[in-house]
Amino acid sequence: MAAHRVSPSLNRLLFAVKYASFQSGGCAVHCNAQYSTVHSPSEKTFDKILIANRGEIACRVMKTCHKMGIQTVAVHSDVDSSAVHVKMADEAVCVGPAPTSKSYLNMDAIMDAIRATGAQAVHPGYGFLSENKEFAKRLAAEGVAFIGPDTHAIMAMGDKIESKLIAKAANVNTIPGYDGVVKTAEEAVKIAQDIGYPVMIKASAGGGGKGMRIAWNAEETREGFRFSSQEAASSFGDDRLLIEKFIDNPRHIEIQVLADKHGNALWLNERECSIQRRNQKVVEEAPSTFLDPVTRRAMGEQAVQLAKAVQYSSAGTVEFLVDSKKNFYFLEMNTRLQVEHPITECITGLDLVEQMIRVAKGYQLQHKQEDIPINGWAIESRVYAEDPYKSFGLPSIGRLSKYQEPLNLSNVRVDSGIQEGSDISIYYDPMISKLVTYGATRAEALARMEDALDNYVIRGVTHNIPLLREIITHPRFISGDISTNFLPEVYPDGFKGHQLDLDTRRELLASAAALYITAQLRSQKVLGDLSPVECSRWELYVQLEDGSHSVEVTKSGNVYTVEVDGGKVEVSGQWNLASPLLPLTINGTHRTLQCLSRDASGRILLQYLGTSVAEGQEICVIEAMKMQNSLTAVKQAKVKSVHCKPGETVGEGDLLVELE
């Protein structure tokens with residue numbers, strides 16, 4: 001959110017069929033009609049499940065396990081020993097030091113934890129080992145159930161080259177491209193020229209936006225081949241690449257599927273995931289504003305065809321690119337629970353984790369295709385510890401000095417795995433939470449999301465709520481005119497925060513003046529000034545970035561009337577100066593401001609309305625969160641000295657390279 005300074009001169013989730021409310025150590029859900037865990041005690045599944053993951057998804061899985069009467073085992077790295085998912089579990093086992101390769105990807109340590117605790121099944125969440133065929137094989141060899149598909153489906157869909165061939169054979173629409181492995185940069189250039197630019201270069205074993213580059217010419221193809229292969233090797237241990245025609249200005253729409261071990265498969269409607277940065281999703285919604293019933297059914301049926309072609313059994317997601325004419329093309333299949341699964345749960349009422357557990361135990365699906373509804377609308381905002389003003393979000397680290405989820409609001413769900421005092425470290429994904437709002441209509445869900453973002457208190461790390469709020473209130477998003485190019489098209493020069501117009505500037509100035517006077521009057525009372533000067537009118541100057549503004553304030557009861565910049569603004573509210581949230585009514589409109597800080601001199605920091613191209617050669621490459629980031633010289637220069645070594649960890653503001 002934009003921050004504006006004003007000068008002194010002024011342990012367990014209880015799901016119900018229709019209503020749910022839970023808060024335990026930072027994991028929270030609070031909303032109506034989201035999803036139901038309708039578990040029959042007579043239907044035996046597992047006594048104990050180990051969750052091979054961390055953070056919000058580990059907490060999410062544990063909630064359903066607890067509802068089903070299943071004991072849970074958490075695994076954790078040494079730096080996660082006090083994490084929320086560890087506190088929430090019935091048992092916890094440390095599986096190694098902080099780096100993921102030595103802990104959450106450490107199969108030997110996790111297998112030891114399974115044996116030591118007697119866990120009968122493993123839920124992998126998403127990421128880490130969730131789509132690792134070797135892990136699934138090792139579990140099967142020891143008679144431990146993997147709560148996901150079998151190894152055949154993981155292998156088939158985990159390889160983008162093989163999955164595309166299988167999709168073609170199953171009569172699923174696919175993107176034109178080269179079906180083999182691209183071995184060299186020069187071969188990549190030749191293939192790209194044959195397909196026709198632009199092309200997408202991506203990792204065969206990839207996912208999550210890693211190992212993907214768009215190339216518009218031969219030079220970009222060579223560079224993309226190099227970066228994509230490096231990212232693929234770093235993230236997946238597999239540097240094989242493929243090349244496809246790049247569908248310009250597409251929508252990213254995916255179909256949730258659910259299948260059992262008895263040949264039954266369903267499609268649970270779609271999720272619109274077009275708002276992305278660096279090929280990673282930021283805002284998702286269900287259903288999509290773009291699909292008509294005919295296209296929705298066609299996509300759903302093709303997704304089920306693919307699932308049946310690989311004998312899929314569990315929850316999975318088939319991703320498609322959809323062009324402006326509603327032609328759709330298979331992108332990939334994720335053989336796991338998707339990050340954005342909550343919005344599907346909201347509109348269908350199904351608990352997908354419960355369904356995965358039932359399928360893993362061998363039960364048939366409880367529903368038929370005609371039973372799957374679209375009830376209302378759900379929107380998910382991924383709240384990250386990221387600086388949105390830098391490339392739409394570069395990771396931020398730190399400790400959450402204050403953290404308050406907007407659970408006072410109805411129809412709000414927050415899936416998180418952190419709490420006040422938690423550390424956001426360099427070792428793991430910087431996601432803080434998944435903020436979900438639900439409504440009978442899209443407009444209702446959007447209004448609730450705006451309110452939820454304004455009421456979300458996060459201190460200690462930089463976060464992306466300013467960007468999320470601007471996205472969901474942007475006219476293009478509201479109208480449904482979106483694509484995967486939304487962010488660069490709407491913010492071609494990068495995200496700059498909320499831009500104040502005359503009316504919103506007046507609102508902010510009036511609110512700041514009213515807050516200042518409230519604080520002054522309260523100080524007089526606290527200091528015991530028994531004979532304060534009676535005053536109901538004040539003349540102040542309020543300083544914003546654009547200069548000093550003269551304001552005149554009058555007070556009647558709890559209402560301030562402020563004349564500023566040729567207009568009049570009425571402000572009223574609760575004026576609880578001890579709370580970080582300031583729910584105000586400004587000219588009849590409800591607004592929630594946040595007071596970020598207020599010092600003894602009267603200086604106030606408010607949060608309001610959620611508010612290069614190189615000519616030289618590449619000089620340094622940084623890997624941040626498994627993404628390759630190239631630094632380039634902005635002018636011709638000579639490298640004077642290099643202050644970092646390959647493999648070193650670097651932080652924001654560190655000096656890396658000096659030029660002369």
Side-chain angles (χ1 to χ4, degrees), residues 15-20 29 31-45 60 63-64 67-68 147-149 253-272 284-288 291-318 320 333-338 340-380 411 413 436 438-442 445:
F15 289 105
V17 174
K18 291 186 177 178
Y19 300 96
V29 174
C31 76
N32 299 338
Q34 285 197 341
Y35 65 98
S36 305
T37 310
V38 185
H39 176 65
S40 171
S42 63
E43 188 178 81
K44 287 290 294 179
T45 55
R60 164 66 190 94
K63 294 172 188 177
T64 290
K67 175 61 182 175
M68 297 176 70
I147 302 177
I253 301 177
E254 61 192 27
I255 301 291
Q256 176 72 57
V257 295
L258 181 65
D260 62 24
K261 301 178 186 297
H262 305 275
N264 303 304
L266 305 172
W267 48 275
L268 307 182
N269 302 309
E270 80 276 7
R271 295 185 288 257
E272 171 75 69
E284 303 103 340
E285 61 182 306
S288 168
L291 295 190
D292 55 71
V294 173
T295 308
R296 175 179 295 114
R297 176 171 291 278
M299 293 176 70
E301 288 176 349
Q302 287 199 16
V304 166
Q305 286 168 206
L306 181 61
K308 289 185 173 182
V310 293
Q311 298 179 329
Y312 196 85
S313 60
S314 192
T317 298
V318 181
F320 294 94
M333 184 176 190
N334 293 314
T335 57
R336 53 171 167 78
L337 188 64
Q338 200 82 329
E340 58 273 17
H341 76 274
I343 55 177
T344 295
E345 294 181 326
C346 285
I347 67 166
T348 63
L350 295 178
D351 180 338
L352 293 182
V353 174
E354 179 195 22
Q355 298 302 316
M356 293 177 77
I357 292 171
R358 291 187 71 260
V359 168
K361 187 61 177 178
Y363 290 107
Q364 293 192 41
L365 297 183
Q366 298 168 307
H367 305 281
K368 304 295 184 184
Q369 189 62 56
E370 56 269 23
D371 300 330
I372 306 303
I374 297 181
N375 286 331
W377 214 282
I379 298 170
E380 176 179 286
N411 288 332
R413 168 176 170 174
V436 180
Y438 173 83
T441 64
R442 185 172 187 260

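Residues: numbered from 1 along the sequence shown.
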Under the side chain to side chain donor-acceptor pair (under 3.5 Å) rule, what pairs show up with a residue in residues 303-317, not counting sequence neighbours?
Arg271-Thr317
I'd like to know if Arg442 pairs up with Glu272 as an ion pair, taking the criterion as any Lys NZ or Arg NE/NH1/NH2 lying under 4.0 Å from an Asp or Glu carboxylate oxygen.
no
Checking Glu340 now: which residues fulfil salt bridge (Lys or Arg N to Asp or Glu O under 4.0 Å) with it, not counting sequence neighbours?
Lys281, Arg382
Side chains of Gln256 and Leu352: does their closest heavy-atom pair fall under 4.5 Å?
yes
If I take atom CG from residue Asn334 and atom CD from residue Glu254, how far apart are they, to the nearest 0.5 angstrom?
7.5 Å
So OG1 of Thr348 and CG of Leu268: to nearest 0.5 Å the spacing works out to 6.0 Å
Using the side chain to side chain donor-acceptor pair (under 3.5 Å) criterion, which residues pair with Thr45? Sequence neighbours excluded.
none
Listed by chain and number, what are the side-chain contact (heavy atoms from CB on, under 4.5 Å) partners of Thr441, not counting sequence neighbours?
Ala443, Glu444
Check Glu345 with Arg413, please: is the shortest side-chain N to carboxylate O separation under 4.0 Å?
yes
Tell me, please, which residues at least two apart from Lys44 pass salt bridge (Lys or Arg N to Asp or Glu O under 4.0 Å).
Asp47
Side-chain contact, heavy-atom cut-off 4.5 Å: Pro287 with Arg296?
yes
Kindly compute the distance separating CZ (Arg358) from CD (Gln355), expressed to the nearest 0.5 Å.
6.0 Å
Just how far is it from atom OG1 of Thr344 to atom CD1 of Ile372, taken to the nearest 0.5 Å?
10.5 Å
Donor-acceptor pair between Trp267 and Glu301 side chains, under 3.5 angstrom:
no
Without placing hydrogens or testing angles, list every side-chain donor-acceptor pair under 3.5 Å for residues 257-266, not counting sequence neighbours.
unit_1 : atom_1 : unit_2 : atom_2 : d
Asp260 : OD1    : His262 : N      : 2.8
Asp260 : OD1    : Gly263 : N      : 3.3
Asp260 : OD1    : Asn264 : N      : 3.0
Asp260 : OD2    : Asn264 : ND2    : 2.8
Asp260 : OD2    : Leu365 : N      : 2.9
His262 : NE2    : Gly362 : O      : 2.8
Asn264 : ND2    : Gln364 : OE1    : 3.4

Roughly how far apart are Glu285 CD and Glu270 CD, rounded to 0.5 Å?
9.5 Å
Measuring from Tyr438:OH to Ile343:CD1, what's the distance to the nearest 0.5 Å?
13.0 Å
